Structure formats: C-alpha cells, structure tokens
2 protein chains.
Amino acid sequence: MQPDKVPALAALPRPASLVEQVVAALRAEVAAGRFARTARLPAEQALSTTLGVSRTVLREALAQLKADGVLVSRKGSGVYVSATPAGNAFRLPAVGGEPERLREVFELRYYAETGAAELAAARRGPADLRRLQAALRAMRARGAAAADAAFHRAIAVATQNPHFVALVDLLSGQLHQVIAASWENAARVAGGPRDAIREHAALYRAIRSGDPAAAREAAAAHLTGAARRWGLALGGAPARPRRGSGR
Amino acid sequence: MQPDKVPALAALPRPASLVEQVVAALRAEVAAGRFARTARLPAEQALSTTLGVSRTVLREALAQLKADGVLVSRKGSGVYVSATPAGNAFRLPAVGGEPERLREVFELRYYAETGAAELAAARRGPADLRRLQAALRAMRARGAAAADAAFHRAIAVATQNPHFVALVDLLSGQLHQVIAASWENAARVAGGPRDAIREHAALYRAIRSGDPAAAREAAAAHLTGAARRWGLALGGAPARPRRGSGR
DNA sequence: GCTGTATGGTAGCCTGGCAACCTGGCAGTC
DNA sequence: GACTGCCAGGTTGCCAGGCTACCATACAGC
C-alpha cells in the first residue's frame, strides 16, 4: 500500500469571493504605484461604485489592507496609502501536498532555525535551557511532534527576539501536518526517531555551551536530516553550509 | 538646528476600532484553544449578538482572520477554525523611532539576507547577475537608497524562492525610512557611502563566483557594517558568524 | 441499502441610514 | 495682517434589515 499518498483529487478551487478580488485589485493598484505614497484614495462611496461592489464588500477589503499596513484610514478624513506600502505582513500560501511549495517553505525554515539557534546560543538564559531540556525529555519519553514543536519554539524564545518566535511559530504551524506524519512514519525509516532525537540533543548541547557557530551547524545538520527523513530534496543547490560530509 | 530630531509629541494613540477589538478577541479565543481545531464557530448572527456588535463589523473581523488563515468559511455551512490555527501570516509592528524595535527587525533582516545570499550564490543565473550589476552601477552613479533596495531584492529573486523575495521586500520596506536616511547621512560619516558600495561590490563578486559560504560572509560583513554606520548596536550577542577574521 | 428530494440554516452580498469626526473656508477680533 | 473661533460639507465607523446561493441533514421512495 501507499500510506502517505495524498489522494489525487484535491479540494476544488472555488471562485474567488468578491472581497478577495477587491483586495487583490487594490493591492495591485498600490503596488503598481498608481497612487502616490500617503496619497488619499477616493471615498468609499466613489470607490464602491467604480468597482461595482457594495460599500460593505469594499469595507471588508479595506479592513484587510489596513490590517496589513498597506493603507491607513482616518475617520472623517479618508483612506490613505501607507508610508510603507509594502505592508507589514508576510503571507505564506497554504502548503498542501505540492512538494515544490513544501520545499520552499522548508528552505525558509532552514534559515530561520539556523539563525535562531545561533542567536539562542549567545543569549540563552537558565530558563531557556530548562525549557529545552524538558522538551527533549518529552521527546525521548513519547517522541511526539508536539515536543518537537516545543523544542524549536524554546530556541526561538531564547533569541529574545519576538519576531523569531512569530516566524518559527508560523513555519512550524504550516509544516505541522508534515512534521506529525514524519514522527509517525519515523519508525519505518532506517534509524527511525533515534536520529531525530540525537540531532536535537546535539543542538541542545551546542546551545547550552554558548557557542553560536556550533549551534548553527547543529541546527543545519538537524534540518538537513529532517528533510532527508521525510524525503524532501533540498534540491538544485545545497542548502547545507558546506559540501563536506558533515561533522 | 537639529534636523532629524523627531518632535517629542508623537501621534496620539487612538482608541482601537471595534473591528480591531473583535479581531483581537477572536484571535485570542482561537489561540487559547477555546475552539477545537476545525471546529465550527457560532453563526455570524449569534456571534454578533454575543459580542454586542453588528454583523457587518463581525464580518470585517472574520474577513481578516480568514485572510490570515486562522479561520476558513464555507458558504452555506459556517465558519470553521483552520487546520493551521497559527495562521499563515507574519506581522511586524510598525517600526517607528524606538531603537529596540529597530534592532529586532534588523536582526531578522540579517538572517534573511545572509541566507538569501548563500542561496543566491548557488542558484543565480545570468539574468540575476545582470540585475545585480545594474543596481551596483546605479548605486555608484547616484548612490540612492532605491538602488540599494533593488540590489537586495535582486539577491532575493536569485534564490528562486518567492518567499525570500516577500520577506526581503517586507523587511526593506519597513526599514525604508532608516535606509534612506542612512544614505543621506552617509556623507557625514567617515568613510561615507564608499564603505557601503565596497561591501555591495564584494557581495556581488561572491555571488557571481558561486561560492555560498563566501556570499554568506560578504552579506554578514555588509549588514554588520550597515548596522554600525547608522549607529545600531547589534547588541547583547554577536550577530556575526565567528569571532575570527573569517576563513 | 441506495438514491433523490425537501427543509432549515448559513455565509455572501446588497441597500439605506445615522453619528462621530475631519477639513477647508469664512467671519470676527486683536 | 495675523490669529482665533465657528460653520458646512464630506468622510469614515457602525448599525439594521433583507435577499440569494449554497450547504447539510433528515426523510421518503426505490
């Protein structure tokens, strides 16, 4: 049997809702520089009629763009293009079964996690080490994906930079199903979860010792190992720091 | 006179709009695990009455949470908690004048850009090199912040990973004012823009030569240099890979 | 046991409207 | 002439109500 073969019939693509279309249109308009920075947009009434949608739909779209930092609105005055039209949000497409998407997201995770490990080694406090050790223990006892996520989250927290926490949370959340499947299938792979736990332990030791370079390399080794275990080719070019056989 | 001294009176904090409050409340509710994963939420009518807001306000909030991947809705059926409740969006707070926020964002940029440089060196094609060279030329001729942004964007494009492009765009957009000010004030700093251009050129050569490790180090050197030039202490711990002078 | 159908419920979308607020200009004052 | 206070028009924030397309479930029919 082919256990982890996703059925070929994926969820049918639905027609985009009106709100989504309006969001995309306005975003494109702003990105194309159609409105100058900090320029005022037409009033909601006018915009809704020119776009041919009701004001409520337009307002839902505007709310999203305001939340993304693309637009700002001042009550009684109008809606303006933000001073930072690129926005303040970074979105990932839903990573479904497509291996290409998966590889791209994993690649990002590789650099986020290696960077976090490097920083964490330099800044970790005793509480961070306790958290890491607890996650490691849980992993050894039950070997669950939850402990894996907790471990990596603890590294992000140890960086003392909240953005790393948010980024790692986002990426591990997106890869959650994959990670869970990985732990379940780990038993079948030669080496099984033993490799994963060994890699985590090495990463923990490197962070504890306070050696940023060692932590980076341990994280890199772990992530390339994880990619290999669930059959992800970090293809095209080495995402590994060196062409050597690893240390 | 004190040209770049921001007036002490910043923009007054406005009371959060109803929509923002509803978004925050629902997000917290989901994050707290109040609703199980993939569970159905109460109907919009019911939710709006329990929250004490109109349905239009609730819908604007739901639209944001759907865009963030926290919720999904099926017409005719209901609104459900997403399978990935952590969402698919990563948000940065508006980086104003606070140096602490600036340092955090810049730290993230450091790792995004060094990673992108490493990947770019392995995957760059001839078109990428042309773009990089053009940006470098523009930088030498006019030394503008725009050329700087174009250069770093070209590196992200060369990774052939669209997420790197999005992330670099986001971060450089957020740091835009700072970067622009940096170029304007560069003339006053000893070394001036000469250092910046030299660093960019070195990074370009490393990417052209196809050596990922060299590209990473060149990017690291450039970013630490940039941080130093505009008086940003990448404090607490070294953000540089090694204490040595490089390999 | 399976298939088709009726029914209640739900989200998507629209119309219309009111209050709070902002902006620009005007009259009045020093 | 410069400044202050005020007014009117325009704009966003928020609300109420309603209609349609769609979904899920139960039920009748085969």
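Letters A, B, ... are given to chains in the order of the sequence lines, protein chains preceding strands, and every chain is numbered from 1. All values derive from a computational prediction rather than experimental measurement.
The distance from atom CZ of R109(A) to atom CG of L175(A), rounded to the nearest 0.5 Å, is 6.0 Å. Taken to the nearest 0.5 Å, the CZ atom of R131(A) stands 12.0 Å off from the CD1 atom of I155(A). L167(B) contributes atom CG, which lies 14.5 Å from atom CZ of R91(A) (distance to the nearest 0.5 angstrom).
Distance L71(A) CG to dG13(D) P: 11 Å, rounded to the nearest Å. Atom CG of L51(A) is separated from atom P of dC14(C) by 11 Å (rounded to the nearest Å). Distance E20(A) CD to dA11(C) P: 16 Å, rounded to the nearest Å. Taking atom CD of residue Q45(B) and atom C1' of nucleotide dG12(C), one finds them 13 Å apart after rounding to whole Å. Residue L41(A) contributes atom CG, which lies 17 Å from atom C1' of dC22(C) at whole-angstrom precision. K66(A) places its NZ atom 12 Å from the C1' atom of dC14(D), with the value rounded to the nearest Å. In this structure, CD of E60(A) is placed 14 Å from C1' of dC14(D), rounded to the nearest angstrom. Spacing between atom CD of E44(B) and atom P of dG17(D) amounts to 17 Å, rounded to whole angstrom units.
Listed candidates were dA24(D), dG13(D), dT15(C). Nearest to the side chain of S77(B) is dA24(D). Distances were taken from every side-chain heavy atom of V79(B) (C-beta onward) to each of dT10(C), dA11(C), dC23(D); the shortest belongs to dA11(C). When each of dA21(D), dT11(D), dT12(D) is scored by its nearest atom to the side-chain atoms of K75(B), the top-ranked nucleotide is dA21(D). Out of dC14(C), dC13(C), dT12(D), the shortest distance to the side chain of R59(B) is found at dC13(C).
At least one side-chain nitrogen or oxygen of R74(A) sits closer than 4.0 Å to the OP1 or OP2 atom of dT23(C). Put simply, R55(B) has no side-chain N or O that comes within less than 4.0 Å of OP1 or OP2 on dA11(C). Dashed line: the shortest gap from a side-chain N or O of S54(B) to OP1 or OP2 of dC15(D) is under 4.0 Å. The phosphate of dG12(C) has OP1 or OP2 within less than 4.0 Å of a side-chain N or O from S73(B).
In this pair, H152(A) and H222(A) present their aromatic rings parallel. The plane angle is below 30°, not in the 30 to 60° band.
Heavy-atom nearest nucleotides on DNA chain C were determined for R40(B) and for V19(A), and the one closer to the 5' end corresponds to R40(B).
Although no hydrogens or angles enter the test, the distance criterion places a donor-acceptor pair under 3.5 Å between the side chain of Q21(A) and the main chain of A16(A).
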